[in-house]
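Read the structure below first, then the notes.
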Amino acid sequence: MARLDADLLLRNARLVTLAGDTGWGLVEQGALAARDGAIAWVGPESALPAGEVLREVDLAGALVTPGLVDCHTHLVYAGNRYGEFERRLEGASYEEIARAGGGIASTVRATRAANEAQLLSQSRPRFASLCAEGVTTIEIKSGYGLDRASEAKMLRVARALGRESGRTVRTTFLGAHALPPEYEGRADAYIDHLGSDMLPALAAEGLVDAVDAFCETIGFTPAQVARLFDAAAALGLPVKLHAEQLSDQGGAALAARYRGLSADHLEWLSPEGIGAMARSGTVAVLLPGAFHFLRETRAPPIEQLRAAGVPMAVATDLNPGTSPLASLLAAMSLACTHFRLTPAEALRGATHVGARALGLADRGRLAVGQRADIAVWALDHPAGLAAHLGFNALLHTFVAGEESHVLRIAAH
Ligand code: NIG
Ligand code: FE
């Protein structure tokens, strides 16, 4: 047998490989070796080849999963919307608050007013909260700046969080989140500005991995989104879309038409939308946090998505308004309870399917050649990840084969 030299060897582990399309892919009494940041060997320990190992860890039977992937967040913002939470509890709806100048617009005011250092220090505890649960890849959207300088500031802060944590941060341009006050009554002009000025400039600075929009009666029309997506396509940038959250706008089919990486929310998704997503390979990103906080009653059509073979991701949607949920494990649990995902679907949704929603095929499973982003848990079965709410059994996180410690949360 060929020798196996490794930088890291995890032994005596219960491996949740997520091999194949369903189930856990469990390997009992398993071992996993990493070299140069990638998984070099995985399988039963009894079959482990001999070789030189720099660091060996006996996990005493602990559970090993791929590092988690949160593929939809708005965690970079300033201020808070706790007053809005209280108003919603008194009966006001999200739409009413948005139309009255609250909602996204109020976070835009606070985010524009914050300087880059303030924005970074306010966002860091939220980012750290995700990292503390073994999340190793995080998508972060802009969309609370809505002018070039403020959107750039948000994207730079997102990238800074990636650098200082060593984790992968993917940045998504969400300039089409809401209409900024200076474009009141001129939504088409704002979309033109995004497509011809703001997006090309931010892309030229290397700050944009994908383009997103809010397609909704209180957001932008499908025709406006299509013009923005044309601009994205011209720059070679992939697209994704907040679609069918509060009403059916045909957003999922629109995203599919542009070979979108994902369509997200989807409570009002139609059979036509499901068919279009299945044909284009667009991932359905489920966001049970927003469903929960808005006290929604209509769940996305999970059974039909499953039957059509549309891959389903699970994410936090961490944002100050509709989903102040800073826990991907909780999102997994809510996806099971509210949407009836199986615990294995929830874990796949928060690992390799979430990665696919970001266009990343190199992570999310324990398989040779995948990035060695790994989480280790004090659990005796992987269903325990989603079967609790508010329980974090994380023991270790490895990022590209190196142990990573949670960021210290700066006091402010
Ligand atoms: O994904 N729907 C629009 N965007 C966010 C909400 C943002 C906010 O309310 O600040 C979402 O739910
Ligand atoms: Fe969102």
Side-chain angles (χ1 to χ4, degrees), residues 66-82 107 110-111 114-145 150-174 177 207-210 212 264 285 287 289-290 313-332 350-351 354-355 357-358 360 363-364 371 373-375 390 392 394 396-400 402-412:
L68 303 186
V69 177
D70 193 347
C71 69
H72 181 142
T73 86
H74 311 246
L75 71 83
V76 169
Y77 61 83
N80 71 71
R81 306 240 289 275
Y82 303 140
T107 299
T111 302
N115 67 32
E116 201 161 319
Q118 291 165 332
L119 194 56
L120 178 62
S121 70
Q122 290 189 38
S123 303
R124 190 182 282 121
R126 296 185 283 269
F127 186 87
S129 173
L130 297 178
C131 295
E133 293 183 338
V135 178
T136 49
T137 299
I138 301 177
E139 185 257 18
I140 303 177
K141 300 176 195 295
S142 69
Y144 294 122
S150 307
E151 290 286 292
K153 177 176 68 181
M154 287 187 72
L155 294 168
R156 281 196 304 266
V157 166
R159 290 283 171 88
L161 289 166
R163 270 196 308 277
E164 71 180 27
S165 67
R167 273 121 170 117
T168 301
V169 164
R170 300 292 279 189
T171 49
T172 300
F173 176 65
L174 181 55
H177 196 195
L207 288 171
V208 181
D209 295 317
D212 192 354
D264 306 37
V285 177
L287 303 169
V314 175
T316 59
D317 195 15
L318 173 48
N319 75 64
T322 59
S323 188
L325 177 68
S327 164
L328 186 55
L329 292 175
M332 290 162 61
T351 52
L358 300 176
L360 300 172
R363 66 195 68 199
R371 258 176 78 92
D373 288 353
I374 288 157
N392 180 3
L394 187 79
H396 306 274
T397 307
F398 297 90
V399 176
E402 293 208 15
E403 181 141 25
S404 166
H405 297 282
V406 173
L407 297 178
R408 201 163 286 285
I409 298 174
H412 66 277

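Numbering starts at 1 and runs along the sequence shown. The model shown is predicted, which means the values in this text are computed figures rather than measured ones.
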So, [X] side chain and [Y] main chain: donor-acceptor pair closer than 3.5 Å or not?
| X | Y | answer |
| --- | --- | --- |
| Ser129 | Ala326 | yes |
| Ser142 | Leu174 | yes |
| Arg167 | Val135 | yes |
| Thr73 | Glu139 | yes |
| Glu133 | Asn392 | no |
| Thr171 | Leu207 | yes |

Got a second to check how far [X]'s [atom1] is from [Y]'s [atom2], nearest 0.5 Å?
| X | Y | atom1 | atom2 | answer |
| --- | --- | --- | --- | --- |
| Phe398 | Ser404 | CZ | OG | 10.0 Å |
| Phe173 | Asp209 | CZ | CG | 13.5 Å |
| Ser327 | Arg126 | OG | CZ | 15.0 Å |
| Thr111 | Lys153 | OG1 | NZ | 7.0 Å |
| Met154 | Leu75 | CE | CG | 8.5 Å |
| Arg159 | Ile140 | CZ | CD1 | 10.0 Å |

Please report the C-alpha distance between Leu120 and Leu161 in whole Å, then the side-chain angles of each, then the deciding distance to 0.1 Å, and finally whether the side-chain contact (heavy atoms from CB on, under 4.5 Å) criterion is met.
CA-CA 8 Å; Leu120 178 62; Leu161 289 166; 3.7 Å; yes
So, using side-chain contact (heavy atoms from CB on, under 4.5 Å) as the criterion, who are the partners of Ala355 when residues are at least two apart?
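Result, side-chain contact (heavy atoms from CB on, under 4.5 Å) vs Ala355: Val69, Leu360, Arg363.
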Under the side-chain contact (heavy atoms from CB on, under 4.5 Å) test, residues paired with Ala350 that sit two or more places apart:
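So Ala350 forms a side-chain contact (heavy atoms from CB on, under 4.5 Å) with Leu328, Met332.
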Where [X] and [Y] come nearest, the two heavy atoms and their spacing:
| X | Y | answer |
| --- | --- | --- |
| Ala158 | Val169 | O-CG1, 3.5 Å |
| Phe127 | Ser165 | CE2-OG, 3.4 Å |
| Gln118 | Ala114 | OE1-CA, 3.4 Å |
| Cys71 | Ala357 | SG-CB, 4.0 Å |
| Cys131 | Ile138 | SG-CD1, 4.4 Å |
| Val285 | Ala315 | CG1-CB, 4.0 Å |

Apply side-chain contact (heavy atoms from CB on, under 4.5 Å) to Leu287 and Ser323, showing your working.
CA-CA 9 Å; Leu287 303 169; Ser323 188; over 6 Å; no
What's the verdict on side-chain contact (heavy atoms from CB on, under 4.5 Å) for His72 and Lys141, showing C-alpha distance, side-chain angles and the deciding distance?
CA-CA 8 Å; His72 181 142; Lys141 300 176 195 295; 3.3 Å; yes
Do Arg371 and Thr136 have side-chain heavy atoms sitting under 4.5 Å apart?
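When only atoms from C-beta onward are counted, Thr136 and Arg371 do not touch, as no gap falls below 4.5 Å.
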Test item: Leu325 and Asp317 side chains (from C-beta on) under 4.5 Å apart, heavy atoms
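Side chain of Leu325 against side chain of Asp317, heavy atoms only: no contact under 4.5 Å found.
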Among all residues two or more places apart in sequence or in another chain, which pass the salt bridge (charged side-chain N to carboxylate O under 4.0 Å, His left out) test with Asp264?
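Checked Asp264 against salt bridge (charged side-chain N to carboxylate O under 4.0 Å, His left out); zero matches.
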Could you pull out all residues at least two apart from Glu402 that satisfy salt bridge (charged side-chain N to carboxylate O under 4.0 Å, His left out)?
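Salt bridge (charged side-chain N to carboxylate O under 4.0 Å, His left out) list for Glu402, sorted by chain: empty.
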Using 30° and 60° as the class limits, which term best fits the ring planes of Tyr144 and His74: parallel, tilted or perpendicular?
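Judged by the thresholds at 30° and 60°, the geometry between Tyr144 and His74 is tilted.
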Walk me through it: do Leu68 and Thr351 pass the test side-chain contact (heavy atoms from CB on, under 4.5 Å)?
CA-CA 5 Å; Leu68 303 186; Thr351 52; 3.8 Å; yes
Residue pairs fulfilling salt bridge (Lys or Arg N to Asp or Glu O under 4.0 Å) with at least one residue in residues 70-82, sequence neighbours excluded:
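Listed once each, the pairs are Arg81-Glu84.
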Residues forming a side chain to side chain donor-acceptor pair (under 3.5 Å) with Thr322, sequence neighbours excluded:
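Result, side chain to side chain donor-acceptor pair (under 3.5 Å) vs Thr322: Asn319.
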